[in-house]
Amino acid sequence: MTIDTQRVNLMGMTLAQLEQFFLEMGEKKYRAAQVVKWIHQRGVSDIDAMSDISKVLRDKIKLVATIMAPEVTYSNTSKDGTVKWIMTMPGGSSVETVYIPEEGRGTLCVSSQIGCALDCSFCSTGKQGFNRDLSAAEIIGQVWLAAKYFDKPDQKRERRITNVVMMGMGEPLLNFDNVIPAMNLMMEDNAYGISKRRVTLSTSGVVPQIDKMVGVTDVCLALSLHAPDDALRNQLVPLNKRYNIQMVMDACNRYMASLSDIRVVTVEYTLMNGINDAAHQAVALAELLKQLPCKINLIPFNPFPNSGYERPSNNRMHTFREILQKAGHNVTIRKTRGDDIDAACGQLVGRVADITRRSEKFIQAVELGNSAADIAKTRIKR
Ligand code: SAH
Ligand code: SF4
């Protein structure tokens, strides 16, 4: 794919940004809703196909703007119906997007970065390092392409995207300025119109960025916890050395309190055999989570080459769940989907050219407000 550096990409622009775009062109604001509908509801990327916009105005738009999505370079459907796409970005790196059909709903798992800088010990995305942030267009472009894929006569009607989770590659809160507009488009009535209760941002716990969400967005929040104490979480999620469990839970409570309706945090806990799945750890987790209104989603570890971890037996996972349930928690064990096509959580790797590894320096730089692109240029090594 070639990059058009001269013209703006309308794909990633929110309704408000497009309104501004048209006002600056000396045009009427309502053009923005028309264009958003063409792009996101009708899947159109050809400005000339926008038949309720005059030829004169279309030509004027084409001089300064384009509509570009990532390119699908691979797709595969699992025997359980899960679909995985590899989407290639300008520059040759690629990310993975996964669709998971379930009874009565269809969830799209979207990536926010190419790779991830945070290096969680059990995550294949983390193991491959960080390349760059995705733009808002590249994030919403994944939804656009998946929606288009299902909008074909041979696809069954139930193949609809009812939910979106930012649980693909990357840490969404370290790409805040692109993730938030893309999530706005997911919820925008003129675009995908998905309810705020069905759009979820998953984070490993970047505390200042959780606080930044307050008043800016009202999407659902998922927290990747994975351990009941700091000593273990420091090993599994290195970011915990900077923001410990208490700091992260306090930030989650502040965000939930900012919402106008009552919702709970989804706590994700990847179960790894002999690491974080013992009965005493379930007891400690049950106690810890008394202070965070939540539902707990236990994720059986998904293996990848040389991970060094194993999935626990079903017996161990059920015992773990029962202890939490007896303590009064709402707990589910996530069904593993799409593992025959390497589409399960933590198995997403894409193809990352020009890797920049994670480091403490990276996280510090983000806090100082440097863009991830600038930081990537410094090519921090392990
Ligand atoms: N960076 C964000 C979102 C992407 S990861 C986050 O960490 O929350 C999405 C989820 O998959 C997280 O809960 C993550 O901990 C989990 N995950 C990562 N690797 C996994 C693996 N190998 N098996 C099971 N779950 C995994
Ligand atoms: Fe990054 Fe999330 Fe993987 Fe950790 S689990 S390395 S934060 S993508």
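The shown structure was predicted, so the numbers you read here are calculated from the model rather than taken from an experiment. Order of listing sets the numbers, starting from 1, for every ligand and every atom in it. Positions are given from 1 along the sequence.
Looking at every heavy atom in both residues, Asp229 comes nearest to Leu232 through OD1-N, 2.9 Å. Heavy-atom minimum distance, Trp85 versus Ala146: CH2-CB, 3.7 Å.
Using modelled atom types and a 3.5 Å distance limit, the side chains of Glu268 and Ser202 yield a donor-acceptor pair. Judged by distance alone, the side chains of Gln142 and Glu138 never bring a donor and an acceptor atom under 3.5 Å apart. Remark: the Asp277 side chain and the Gln281 side chain contain no N/O donor-acceptor pair separated by less than 3.5 Å. Remark: the Ser112 side chain and the Glu171 side chain contain no N/O donor-acceptor pair separated by less than 3.5 Å. Checking Thr82 against Asp80 by side-chain atom types alone, a donor-acceptor pair falls below 3.5 Å. Residues Asn131 and Ser93 bring a donor and an acceptor atom of their side chains to less than 3.5 Å of each other. Looking at Gln246 and Asn244, their side chains never bring a donor and an acceptor atom within 3.5 Å of each other.
Counting heavy atoms closer than 4.0 Å to ligand 2, residue Ser204 contributes side-chain atoms (C-beta onward) but none from N, CA, C or O.
In summary, the atoms of ligand 1 found under 4.0 Å from a heavy atom of Met166, numbered by their order in the structure, are 3 (C). With ligand atoms numbered from 1 in the order given, ligand 1 contributes 18 (C), 19 (N) to contacts under 4.0 Å with heavy atoms of Cys123. Here is the list of ligand 1 atoms found below 4.0 Å of a heavy atom in Phe122: 15 (O), 17 (N), 18 (C), 19 (N), 20 (C), 21 (C), 22 (N). Here is the list of ligand 2 atoms found below 4.0 Å of a heavy atom in Asp119: 6 (S). Close contacts of ligand 1 with Thr203, meaning ligand atoms under 4.0 Å from a residue heavy atom, involve 6 (C), 8 (O). Of all the atoms in ligand 2, the ones that sit under 4.0 Å from a non-hydrogen atom of Gly126 are 6 (S). Listed by number with element, the atoms of ligand 1 under 4.0 Å from a non-hydrogen atom of Ile299 are 24 (C), 25 (N).
Considering only non-hydrogen atoms, atom 14 (C) of ligand 1 lies nearest to His226 out of Gln113, Glu171, His226, Lys127. Between atom 5 (S) of ligand 1 and the options Ser124, Gly168, Ser224, the minimum heavy-atom separation is to Gly168.
Of the protein's heavy atoms, Cys120 SG, 2.3 Å lies nearest to atom 4 (Fe) of ligand 2. The closest protein non-hydrogen atom to atom 1 (Fe) of ligand 2 is Cys116 SG, 2.3 Å. Of the protein's heavy atoms, Gly170 O, 4.5 Å lies nearest to atom 2 (Fe) of ligand 2.
Using a non-hydrogen distance threshold of 4.0 Å, Met169 does not register as a contact of ligand 1. Not a single heavy atom of Ser224 sits under 4.0 Å from any atom of ligand 2.
Residue contact annotation: Cys123 places no N/O/S atom under 2.8 Å from atom 1 (Fe) of ligand 2.
Considering backbone and side-chain atoms alike, Pro300 places every N or O at 3.5 Å or more from each N or O of ligand 1. For Gly170, a nitrogen or oxygen atom sits less than 3.5 Å from a nitrogen or oxygen atom of ligand 1, counting backbone and side chain alike. Considering backbone and side-chain N/O of Glu268, one or more are found under 3.5 Å from N/O of ligand 1.
A salt bridge links Asp59 to Lys55: at least one charged side-chain nitrogen sits closer than 4.0 Å to a carboxylate oxygen.
Judged by distance alone, with hydrogens and angles left aside, the side-chain atoms of Glu96 form no donor-acceptor pair with the main-chain N or O of Gly168 at under 3.5 Å.
Taking the six-membered ring for Trp and the full ring otherwise, the centers of Phe150 and Tyr99 sit less than 6.0 Å from each other.
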